[in-house]
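In what follows, chains are A, B, ... by sequence order, proteins preceding strands, each numbered from 1. What you see is a predicted model, and the numbers here were worked out from it, not measured in a lab. Every heavy atom of this structure was used, including side-chain atoms; hydrogens, water molecules and symmetry mates were not.
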Amino acid sequence: MPRRLLKHSGILLKIIFFTSVFIIIVIGGFAYKQISGLTDSTNVLITTYRINVELEQVTSYLKDAEIGHRNYIVTKDNQYLEPYFNARENVNNSFAILKELTKQNEKQKQNLTELNQLTDKLLTNFSETYDFVENDSTKSEGFKTVFFEEKIIMDSLKKKVAEMIRLEEVLLKERQKEYRDNVKFTPLFFYLVILTTIVLIIIAYFKIINDFTRIKKFNEELLIFKESTSQSEIISKQGNWIWHSEANSFTYSDNLYRLLGEEPQSFNPTINNFLKFVHPEDLDMFKEDLGNMMKDKDLPFINYRIIQKNGNIKHFKTYGKSFYGSDGQKKVLGITTDVTNEIENLITLEERNLELERNNKELSEFNYVASHDLQEPLRKIQTFISRLEEKEAESFSNKGFQYLERIKTAADRMRSLIDDLLQFSRTNKPDKAFVFSDLNELLENAKQDVAETILDKKATITSDVLPSIQAIPFQIQQLFLNLLSNSLKYSREGVSPIITITYSKVKLDDDQRFKDITKIYYHKIVFTDNGIGFEQKYANKIFDLFSRLHNKSNYSGTGVGLAICKKITDNHNGFILAEGKLNQGAVFTVYLPAN
Amino acid sequence: MEKGTGNKNLKKYLYLCMLVIIMISLGSCDFDENKRFIYSLNDMIESDNVALNVKEAELFSDVAKTNLKILAINKDIMETNRELRIILLVRDLEESHREIENLLNKTAKDKLILIPSVKNNIMYQNMIGNDVVFKEVYLEKVSLLIEEEISFLRDLETVTNDTDLKIMAVKIIPMLKSNLDQIETLK
């Protein structure tokens with residue numbers, strides 16, 4: 001967002017800048033033109049003035065020559081001819097200037113030629129009168145004619161000079177008029193252009209101030225973000241780096257140096273310097289990954305070890321992703337994490353898991369072997385109790401007979417206990433093969449196992465059609481058997497047991513009771529009975545091993561049955577829940593994952 | 001297309017526009033020849049061009065005056081000397097210098113320079129002194145004047161930028177040299 005705003009702002013400022021430059025150039029050009037016009041006008045004025053002055057000079061020189069010439073005629077004194085002798089040179093000098101001043105004006109050039117001819121004629125005329133004076137023929141008709149011609153030439157000359165001056169004045173007026181027309185709108189134009197420029201400058205000023213404030217704010221945020229990132233890196237043991245692909249150079253964050261066990265920016269962030277830290281055994285793999293990154297401009301997660309200066313070995317995990325910088329160049333931003341603790345914890349966990357697995361296996365084997373081996377002496381005890389009853393019963397006193405009965409009961413109970421333990425240990429064995437099983441069949445088998453009890457207690461069992469699922473068949477059959485046995489055993493006195501088995505497929509992801517479920521859909525099988533039930537507070541306790549809610553004299557049992565149920569549902573990644581109401585019945589709900 | 005390429009192109013277009021604007025602005029300024037002449041007019045009045053014009057007029061005038069002096073001396077020597085060889089030389093010289101005067105007059109008219117000529121000469125009359133009646137003195141004086149005229153013409157040829165004046169000098173100098181050689185044979 002800030003970058004986009006600044007980008008737009010930059011374009012606006014560029015437009016203002018270029019427009020202002022354009023306007024200033026236009027003003028400059030226009031001012032140049034106007035000032036040039038003014039200079040032209042001044043120069044035209046000066047030119048006219050200089051031409052007029054030079055023409056007046058020419059007239060003056062010739063008048064001097066004429067006066068000198070007349071004085072000479074009267075006095076015959078050669079010294080009066082001085083102005084006449086100097087006139088030619090002086091007039092030449094004036095003509096040298098006039099030629100330059102009028103060389104762009106054809107009309108004036110023509111006039112100047114005519115003036116030159118008249119001057120030459122006048123000077124020639126002077127020399128003709130000279131001969132008459134020298135010969136004392138000043139009274140002759142010839143002299144009078146020549147003298148009169150002198151007057152005519154002089155008048156023509158003055159007229160020509162006047163004509164040239166007039167022409168210059170006309171030209172001056174024309175040029176002045178042209179200039180005035182040009183400069184007529186200049187003040188207004190200048191005013192408008194300067195006004196526009198000022199407005200643009202004001203807009204640019206406020207825009208710059210606005211952007212500056214915004215940039216300041218962004219910089220502060222950036223500073224906070226940078227500090228926060230720096231702290232985060234330290235806490236999370238992370239460091240970042242950037243690879244500038246075009247320049248093939250690296251930038252490391254301070255914490256990357258710390259992760260390497262070095263002071264921030266203590267060495268040049270080059271790839272060769274980093275390779276010095278990589279564990280020799282991981283070096284080849286690391287170089288290969290780095291080569292791939294430079295080729296593909298991406299780096300997937302890689303794990304390697306580094307050796308710090310103090311000899312500590314650290315486990316690093318690095319990941320890199322390419323992006324385009326504001327300069328348009330492709331770069332790779334990488335994150336390197338020190339995962340030494342995680343790796344060490346994982347190794348410890350794996351070791352403990354292995355140990356636990358080994359212990360479980362040993363315990364299971366011990367349980368199985370112990371239960372199995374205990375059967376043999378128990379069988380002998382029961383056999384000898386039977387022989388005692390058959391052959392030595394008459395010799396027992398009442399007291400001895402009672403003792404024998406107690407031994408017999410204890411032996412039976414011990415057998416049940418051993419059978420249940422054996423059963424429980426079987427459910428723990430690792431050789432569990434899941435096969436596609438029909439639950440109706442397994443339920444039927446379980447019912448057959450308790451058929452005698454069902455008949456004895458006149459129990460009624462109804463069930464829905466159950467699905468076929470991937471399961472361990474003997475365990476599911478054991479589960480059903482234990483639940484049915486439980487309902488039959490804890491039936492109410494004088495009440496025929498009614499056991500209802502219902503089935504539905506349910507979605508558990510929105511059920512708050514199941515937070516750690518791995519699947520969404522489950523098979524829900526509910527066993528409901530009308531037995532003695534139990535208080536709800538014992539709903540979890542009844543699944544503990546050897547847990548019993550009743551005295552063994554009232555209800556026989558070992559407290560292993562429901563623990564086995566719990567174990568079986570666990571083996572199938574399912575759940576079993578119990579609900580009970582005292583003297584009303586119990587509900588056991590089994591959830592097995594669908595698919 | 002890469003992200004940065006668009007920005008680079010935009011910058012190029014902006015700079016190109018700016019360059020075009022500057023070119024148009026500068027092009028719009030009026031630099032025609034006539035006005036440039038006016039801008040530098042004041043300087044020009046005091047400048048080399050005017051000085052050159054003056055110098056040309058002076059040298060031209062000097063050539064004309066020298067030529068006029070030679071013609072005046074010739075006129076005088078014709079009236080005083082009866083030696084045949086001298087008379088023949090003077091006639092040749094007069095013919096040659098009249099031709100030179102015509103050339104000078106024609107050029108002077110074109111270049112608006114006023115020069116003294118035979119028709120308006122009141123400066124160089126009775127140029128001959130008593131000593132000039134002697135052939136040697138006359139020949140020496142005329143030689144000097146011709147050499148002086150050649151010198152003025154050479155100066156004019158060097159100083160001027162005007163082609164007509166240069167051509168005129170180139171035409172006259174050999175004539176004068178020839179005259180000089182002719183005089184040398186009589187010495």
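B:Val50 and A:Ile97 make their closest contact through CG1-CG1, 3.4 Å (heavy atoms, listed as atom of the first residue, atom of the second, distance). For B:Lys109 against A:Gln117, the heavy-atom pair with the smallest separation is CE-NE2, 3.6 Å.
Distance check, rounded to the nearest 0.5 Å: CD of A:Glu89 to NZ of B:Lys65 gives 5.5 Å. Put simply, CG on B:Asn49 and CD on A:Glu100 are 4.0 Å apart, with the number rounded to the nearest 0.5 Å.
If you measure heavy-atom distances from A:Leu98 to chain B, you find no contacts under 4.5 Å at all.
Between the side chain of A:Asn92 and the main chain of B:Leu114, a donor-acceptor pair closer than 3.5 Å is present.
Taking B:Asn53, B:Val54, B:Leu112 one by one and counting their heavy-atom pairs under 4.5 Å with chain A, the maximum is reached by B:Leu112. Among the candidates A:Asn93, A:Asn78, A:Val91, A:Leu115, the residue making the largest number of heavy-atom pairs closer than 4.5 Å to chain B is A:Asn93.
By the neighbour-count criterion of 12 heavy atoms within 6.0 Å, atom CZ of A:Phe323 is densely surrounded, having more than that number from other residues, nucleotides or ligands. Atom CD of B:Glu95 has 12 or fewer neighbouring heavy atoms from other residues, nucleotides or ligands inside a 6.0 Å radius. Residue B:Lys166 qualifies as enclosed at atom NZ: its count of foreign heavy atoms under 6.0 Å is above 12.
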